[in-house]
Amino acid sequence: MQKKYYITTAIAYTSKTPHIGNTYEAVLADSIARFHRQTGYDVFFLTGTDEHGQKIENQAKEMGISPKEHVDKIAGEVKEIWDFMNTSYDKFIRTTDDYHEKAVQKIFEKLYKQGDIYKGSYEGWYCTSCESFYTEAQLKDGKCPDCGDEVDKAKEEAYFLKLSKYTDRLMKHIEENPEFIQPESRKNEMVNNFIKPGLQDLCVSRTSFTWGVPVTFDEGHVVYVWIDALSNYISALGYDTESDAPLFNKYWPADVHLIGKDILRFHTIYWPIVLMALNVELPKQIFGHPWLLQGTDKMSKSKGNTIYAKQLVDHFGVDAVRYYLLHEMPFANDGSLTYELLIERINSDLANILGNLVNRTIAMSKKYFDSKVMEPSVKEPIDDELISLALETPKKLVESMDKLKVAEAISHVFTLLRRSNKYIDETYPWLLAKEEDKKERLGTVLYNLLECIRFSAVMLSSFMPDTAKKIFEQINTEVTGWDSLKSFDGMKPGDSVGIGEVLFARIDAEKKLEEIDEENANNAPKQDIEIVSKPEITIDDFSKIDVRIGKILECEPVKKAKKLLVSKVKVGNQVRQIVSGIAEYYTPEEMVGKQVLVVINLKPVKLRGVLSEGMLLCGEDEEGKLSLATLYDDMNSGCEVR
RNA sequence: CGCGGGGUAGAGCAGUCUGGUAGCUCGUCGGGCUCAUAACCCGGAGGUCAUGGGUUCAAAUCCCUUCCCCGCAACCA
């Protein structure tokens, strides 16, 4: 029976257009899926979108459209990107799909009936204007972190999943299956930070918003993201708690869930526990891939450094972008993308090594043999090294791909291409062409080159499908299957090769970068921050906050806290000790002597064990970047700020 | 003393498990070649393998010290 292979990506959240980093995951999954198809597996490749939640509900409200309209638009964009990136998914699931919502409801019901989900209450602080709950730790200045309003201590009913019940089984599974969480270092993070300290039961329902899957037996409750989104991996296969599902029986358990390293916790802890509770087998592997950075920075909209797949593809073509993503991403560390690096890779690998080899080989075939493929009749020892390398390379590819080391796999192909270029220099075809009695030897040399190119194209099919196809056309072969790599005789003597066309044009880096700079300057004017004002307050409300001018006398870091500085601040006749989360932006030395704005009537709290009696005012942007508010002119400390 | 990963040529990385000539790609310099997209091929320069100590005939590799970077966790009144 044919072996099956089930691979999934994380489903993309439909709150904004995915950037190239998100796109990477789909391309990576695609190359793995294609490779398995090519090497004989029955593959199911799932991807899709995660479309519920408060954030989407709010965004839709702001835009004045329905949540469904909002997610339809973004899901459409996601699908469009996945499509032009040439990803060969078998199914694109949306969590707003009917069958998915039903499956989620059934799963929730089943877990509730068997007691793994129970109704409890969520005790915390409630903000009336936001209709949201916050834990003590989430509060900002004892107030709502979102809108800054007063919060009330309150209880809200919610459903909880009993994680504790399954902790031991999960731990055992992780220990017994070292492949389960990859890369290895991630496994330690999960075990040490979460499982060992003990798992708290997980809140799996919400009442604070309605854009979600309703809990069937309790009106007002909506299934929260964990059970909703994660279940897509089985609902997509038609999983049903009661009846059999053919696709599910065939493909489950997943061979690999490919996800970003940021959501590892949900996939390696919550998801396996849900499955255990459902009495369903666990996926074989969770692979938390690294992130793609813009240079050395995380991509984000507010930094204005977001790169989108569309722009890259428009400038460089799909396969060049796919090549870069797949080949330049390390296995465990974050990778980096810049236009400069991309152009360099295209020029040196794709244009020079690959494209030029194909081009020169076809040109020689045409020139010397009128495009005819010749019989390889005059062998020489020097051929053996080339041929045996060609025959070994497919095995190496399989080994690398088994470990999901895609970059390494591609490198093997390029080793063969480099060796082929060298072979041309070793055999001097242009000299052979000058002597009539060397014609047959020349034919053999060209045969070997064409066959190496064919080998390479077959092996590149999963990574650069369009390019592989173009190469097959140029060398005019239909022998493109993986099995044809078992012997070095796929090219048929007597056939004619096709027309040589440039596969990848060399790019003038300077010119291209200018072009892109200009484009980015036009397209991305620095956006003003959209102001969504907090509720109006009266002057009386304002006057409750006692802000004073202070002067920093001393300042030092708080031990074992990366972000905290503790300052002694002179405010009038008092000296306050204040802890601030600004250690990443200011050194203690530069703090001393600064005149600052201090909120003095905040309830004192201990931070990392250090008492803080107030708060220093700072400007803070979306990225969390801080700037301390100081004074324009020297003032006597203790003055009121109004 | 929270947990983990890492520091190897100008850049990016492999090698470390299982000690035995320090390697790959890019860049740079020089040479070769002309079939090809100024491409391809060969050679050179460039490394105290972060640091200090230990084990050993022999250490990038094994053991310990210190310093630095990164991830996770905690923390942002």
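Each chain gets a letter, A, B and so on, in the order the sequences are listed, and its residues count up from 1.
A straight line from CG of A/Leu342 to C1' of B/U25 spans 16 Å, rounded to a whole angstrom. Remark: P of B/C35 and CG of A/Leu446 are 13 Å apart, rounded to the nearest angstrom. Here B/C42 presents its P atom at 16 Å from OH of A/Tyr423, a figure rounded to the nearest Å. Rounded to whole angstrom, the span from the NZ atom of A/Lys261 across to the P atom of B/C3 amounts to 20 Å. Per the geometry, CD belonging to A/Glu344 stands 13 Å off C1' belonging to B/U28, to the nearest Å. Rounded to whole angstrom, the span from the OH atom of A/Tyr324 across to the C1' atom of B/C26 amounts to 12 Å. A/Ile353 places its CD1 atom 12 Å from the C1' atom of B/C24, with the value rounded to the nearest Å. The distance from atom CG of A/Leu341 to atom C1' of B/C26 is 10 Å, rounded to the nearest whole Å.
For A/Arg418, a side-chain nitrogen or oxygen approaches OP1 or OP2 of B/C26 to under 4.0 Å. When the side-chain nitrogen and oxygen atoms of A/Lys187 are compared with OP1 and OP2 of B/G4, none of them lie within a distance under 4.0 Å.
Here A/Asn352 lies in heavy-atom contact (under 4.0 Å) with sugar-phosphate atoms only. At a threshold of 4.0 angstrom between heavy atoms, the contacts of A/Lys367 are confined to the sugar-phosphate backbone, with no base atom among them. Nucleic acid contact class of A/Val358 (heavy atoms, under 4.0 Å, all strands): none. At a threshold of 4.0 angstrom between heavy atoms, the contacts of A/Phe504 include nucleobase atoms, whether or not backbone atoms are also involved. Nucleic acid contact for A/Phe194: sugar-phosphate only, since backbone atoms but no base atoms lie under 4.0 Å from a heavy atom of the residue. Using a 4.0 Å heavy-atom distance criterion, A/Asn421 is classed as a sugar-phosphate-only contact.
B/G5 and B/C62: their P atoms are spaced 13 Å apart (whole Å). Taking atom C1' on both nucleotides, B/A60 is separated from B/U18 by 15 Å, rounded to a whole Å. Comparing the same atom, C1', in B/G12 and in B/A74 gives a spacing of 33 Å after rounding to whole Å. The same atom, C1', is picked in B/G19 and in B/G32; the two are 40 Å apart, to the nearest Å.
Ring centroid separation for the pair A/Trp226 and A/Phe266 comes in under the 6.0 Å cut-off. Aromatic ring centroids of A/Phe180 and A/His173 lie under 6.0 Å apart.
Heavy-atom nearest nucleotides on RNA chain B were determined for A/Met190 and for A/Ser348, and the one closer to the 5' end corresponds to A/Ser348. Of the two residues contacting RNA chain B, namely A/Leu616 and A/Arg360, the nearest-nucleotide position lying further toward the 5' end is that of A/Arg360.
For the pair A/Asp437 and A/Lys439, the salt-bridge criterion is not met [side-chain N within less than 4.0 Å of a carboxylate O]. In this structure, A/Lys470 does not pair ionically with A/Glu473, as no charged nitrogen and carboxylate oxygen lie closer than 4.0 Å. A salt bridge does not link A/Asp383 to A/Lys379: none of the charged side-chain nitrogens sits closer than 4.0 Å to a carboxylate oxygen.
Here the side chain of A/Trp430 is nearest to one of B/U34, B/A73, B/U37, namely B/U34. Comparing atom distances between the A/Leu503 side chain and each of B/C42, B/U37, B/C40 picks out B/U37 as nearest. Among B/C33, B/C42, B/C26, the nucleotide with an atom closest to any side-chain atom of A/Arg345 is B/C26.
Not counting sequence neighbours, the partners of A/Glu176 by the salt bridge (charged side-chain N to carboxylate O under 4.0 Å, His left out) test are A/Lys172.
Partner assigned to B/A14 is none, using Watson-Crick or G-U wobble distances below 3.5 angstrom. The base-pairing partner of B/C72, taking Watson-Crick or G-U wobble contacts with both distances under 3.5 Å, is B/G2.
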